[in-house]
Amino acid sequence: MPRDPRYDILFEPVRIGPVTAPNRFYQTPHATGFGWQRPQSGAALRGVKAEGGWGVVCTEYCSIHPSSDDSPYAFLTLWDDQDIAPLALTAEAIHAHGSLAGIELWHGGAHASNRMTRVPGIAPMTQPALYHLPATARAMDLSDIRTFRGWQRDAARRARQAGFDIVYVYAGHDYLPFQFLSRRTNQRSDAYGGSLENRVRLLREMIEDTKDAVGETCAVAVRLAVDELHGPEGITSDGEGREIIAMLAELPDLWDVNVAGALGNDSRSARFSGEGFQEENVAFVKSLTSKPVVSVGRFTSPDRMVSQIRRGVQDFIGAARPSIADPFLPAKIREGREDEIRECIGCNICRAANNEGVGLRCTQNPTMGEEWRRGWHPERIAVHPRRERALVIGGGPAGLEAALTLGRRGLEVALAEASDRFGGRLLREATLPGLQTWLRVRDWRLHMLGKLANVDLYPASRMTAADVAGFGADHVVLANGSHWRRDGVGVCATRPLDLPEALTPDDVFAGTPVAGPVVIYDDEHYFMGGALAEKLAVAGHEVQYVTTAAVASSWTVMTNEQDFLQARLIEAGVKLHPLKALISHDSGTATLACVYTGRTEALPCATLILTTGRLPDSALADELSSAGIAASRVGDCLAPSSIADAVYSAHRFARLLGEPDLPPRREMPPERSP
Ligand code: ADP
Ligand code: SF4
């Protein structure tokens, strides 16, 4: 299909200092969980992005010196010449598709843990080393600053040697150059503190140093947080953020601007921000500089992208998460296939991967992070050698993904869903506050299934073992889901409790009436307990939220949502009871026990809702097994988990059908010569 001319503007080349980007699609730096330890995995991932049409593809943060070590999280290093060859793999993988390779040079200052290197941290002022307590980051004197500038220059030269086209000066996310900019973290009284001119001095010098080192051949980009969302105490986009841009306007070759402070601010989940949410903070930048500007905002709509360019908000479409959910987003627009864009749902499972110290993963894109270790490609898949028949039972995330992937492999697929609507758990979960975008998991798959002549969809078709036997498929795939437990067994309680009056989220979604005071007992710790509490509180119920963890929906720390979420619950009037385990429930009273002391207390409770564990729906699997019919289980009916895990489980099954199930490749040290 030819490209829609409305989108031509997105494919214009843009000059960035001495280099030219082939189009306006700019994959801004984002973590992969691979870091210096897994260079081939990182290179393959970035190569797929370039293949998918991103005109600029950047690395994640790349430390310039051992005093900036983010262990145990994965980060890149340019500490000495040994780092050049592994990083060159990434630059080459990006160049292979005609894109520009950017590298985000980084020094974390007081935010570096230095757990691996054990070098004392450095900062504008003496302060606690935030991620390595009880250590202290020491104040940099003038000679430290001179030495630091040398590290940036050396790393820039090595980056150029590795083949990178765009070299970053990184003054965002509370890292060292930003710590110098902000009055909150810089109260020095020398030439690098006090007035804004003084606080900007180091950033100005770093830009000049980097240009001196590599500026003839490489573009020098500045990543700046123009608002740290700390109000007038910090950098704000209508105050010092604006003044900094005005002072340095023409110095770098490109401005990569965002809101920051903590990392969570610029990659807020869909629960806490919409597409283009940073515009109000970053839109001013272009009025103060003639240099190209890029920013992010979870852009997935080509029309909104065009609007960003036409209205002069930015010159590029910056994207991290949309490029993770669909590495081929630009190619799809280019080829007139924008209806096939797999839109990011804003769930931040990708952020969780980095926070948990593992390779990148994505709810929408099960191949993300698997490019090298399993050789999976988001757009290509091996056709199955035989045109066999597959029956997939259950049309939630797992069933939809299994049907789609088996269909792409050329099998004859029937997808049977008991309900008259496809979507499974998504139909329920997307009714929770801020989770409507999660329906994109269903919508994209249904849309793509509609293009496959070899897949038939059967809604309103609850399958029994007899139906399955009668169907006579070569492969039976069970994707019939899970249900919430009624017995209180969760992370904390390992033995069932007797809770005959308790409801589960399934009951609430099914419309069982709820009377206040409502007690939500969260011993699962992901989104469900907190989101239900918010929903019921907003609906006017008195809600008491009890959790065995120290904070609400504690695992959402990993998705960078927890602090936003807890604030929202407090604002909604939900009463929080952390570190309490449920003991019993009867006669309108829930009895709780302190998880440390066991001391009990009573809480008035007309309705108790348990978000504890989930159990696979295994009845059909058991019946099939008794009837001697082989079936494979995928998703929640195998092991209840996140939507991301359900999709991945189904994709993995479908991709490996007929293939050996080998362990993933690992990046090993070079073999010893005999
Ligand atoms: P997952 O996350 O693993 O995809 P879900 O709970 O979201 O699991 O989806 C399971 C789907 O399976 C639900 O839509 C449910 O209606 C459907 N289902 C359950 N039992 C049957 C059955 N016997 N026949 C057809 N569909 C079923
Ligand atoms: Fe988007 Fe979620 Fe994928 Fe991250 S994990 S890219 S937020 S869909």
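The basis for the numbers below is simple: all heavy atoms, side chains too, and nothing from hydrogens, waters or symmetry mates. Just follow the structure's listing: the first ligand is 1, and inside any ligand the first atom is 1.
- Taking backbone and side chain together, C350 holds an N, O or S atom under 2.8 Å from atom 4 (Fe) of ligand 2.
- Looking at ligand 1, you won't find any N or O of S419 less than 3.5 Å from one of its N or O atoms.
- Of the protein's non-hydrogen atoms, the one nearest atom 15 (C) of ligand 1 is E417 OE2, 3.5 Å.
- Shortest contact from atom 1 (Fe) of ligand 2 to any protein heavy atom: C344 SG, 2.4 Å.
- Interface atoms of ligand 2 facing I345, defined by a heavy-atom separation under 4.0 Å, are 1 (Fe), 8 (S).
- Under a 4.0 Å N-O distance rule, the pair K332/E340 does not qualify as a salt bridge.
- Ligand 1 places these atoms under 4.0 Å from at least one heavy atom of A416: 25 (C), 26 (N).
- Taking the six-membered ring where the residue is Trp, W376 and Y648 present tilted rings, their angle falling between 30° and 60°.
- The closest non-hydrogen atom to atom 6 (S) of ligand 2, taken over H30, R321, M368, comes from R321.
- Interface of G635 with ligand 1, defined as ligand atoms under 4.0 Å from a residue heavy atom, comprises 3 (O).
- For the pair W54 and Y26, the minimum side-chain heavy-atom distance is 4.5 Å or more.
- Checked by distance only, ligand 1 and A398 come closer than 3.5 Å through their nitrogen or oxygen atoms.
- For K49 against S323, the heavy-atom pair with the smallest separation is NZ-OG, 2.9 Å.
- Distance from atom 3 (Fe) of ligand 2 to its nearest protein heavy atom, with residue and atom name: C362 SG, 2.4 Å.
- In L400, neither the side chain nor the backbone holds a heavy atom less than 4.0 Å from any atom of ligand 1.
- The S461 neighbourhood of ligand 1 comprises atoms 24 (N), 25 (C), with distances under 4.0 Å to a heavy atom of that residue.
- Given atom 19 (C) of ligand 1, the protein heavy atom at minimum distance is N480 CB, 3.4 Å.
- For the pair R271 and E534, the salt-bridge criterion is met [side-chain N within less than 4.0 Å of a carboxylate O].
- For C347, every N, O or S atom stays at 2.8 Å or more from atom 3 (Fe) of ligand 2.
- Here E524 does not pair with R485 in a salt bridge; the nearest charged N to carboxylate O distance is not below 4.0 Å.
- Residues Q562 and T556 bring no donor and acceptor atom of their side chains to less than 3.5 Å of each other.
- In terms of protein heavy-atom proximity, atom 10 (C) of ligand 1 is closest to A479 O, 3.3 Å.
- Residue L620 approaches ligand 1 through these ligand atoms, each under 4.0 Å from one of its heavy atoms: 23 (N).
- Ionic pairing of R46 and E60 is present here: one or more N-O contacts between side-chain nitrogen and carboxylate oxygen are shorter than 4.0 angstrom.
- Within the 4.5 Å cutoff, no side-chain heavy atoms of T612 are placed close to those of V491.
- E371 and H377 are not linked by any side-chain donor-acceptor pair at a separation below 3.5 angstrom, with hydrogens and angles left out of the test.
- Looking at heavy atoms from C-beta onward, F328 lies in side-chain contact with P378 at the 4.5 angstrom threshold.
- The nearest protein atom to atom 9 (O) of ligand 1, hydrogens excluded, is given as G396 CA, 3.5 Å; this is a heavy-atom distance.
- Residues L499 and L608 have side chains in contact (heavy-atom distance under 4.5 Å, counting atoms from C-beta outward).
- Listed by atom number, the atoms of ligand 2 under 4.0 Å from G346 heavy atoms are 1 (Fe), 7 (S).
- Shortest contact from atom 8 (O) of ligand 1 to any protein heavy atom: G481 CA, 3.4 Å.
- Nearest to atom 2 (O) of ligand 1 among the protein's heavy atoms is D636 OD2, 2.5 Å.
- Under 4.0 Å is where a charged nitrogen must lie from a carboxylate oxygen, and between R361 and D645 no such pair does.
- When each atom of ligand 2 is checked for a heavy atom of T363 under 4.0 Å away, the hits are 3 (Fe), 5 (S).
- A donor-acceptor contact closer than 3.5 angstrom links the side chains of D467 and T464.
- In terms of protein heavy atoms, atom 23 (N) of ligand 1 is closest to M463 O, 3.0 Å.
- In terms of N/O distances under 3.5 Å, ligand 1 is not approached by G423.
- Few gaps surround CZ on R665; more than 12 heavy atoms of other groups in view lie less than 6.0 Å from it.
- Close approach of ligand 1 to G424 (heavy-atom distance below 4.0 Å) involves ligand atoms 7 (O), 9 (O), 13 (C), 14 (O).
- Close N/O approach between A646 and ligand 1 is not found [any backbone or side-chain N/O within under 3.5 Å].
- Scanning the protein heavy atoms around atom 25 (C) of ligand 1, the nearest turns out to be A418 N, 3.3 Å.
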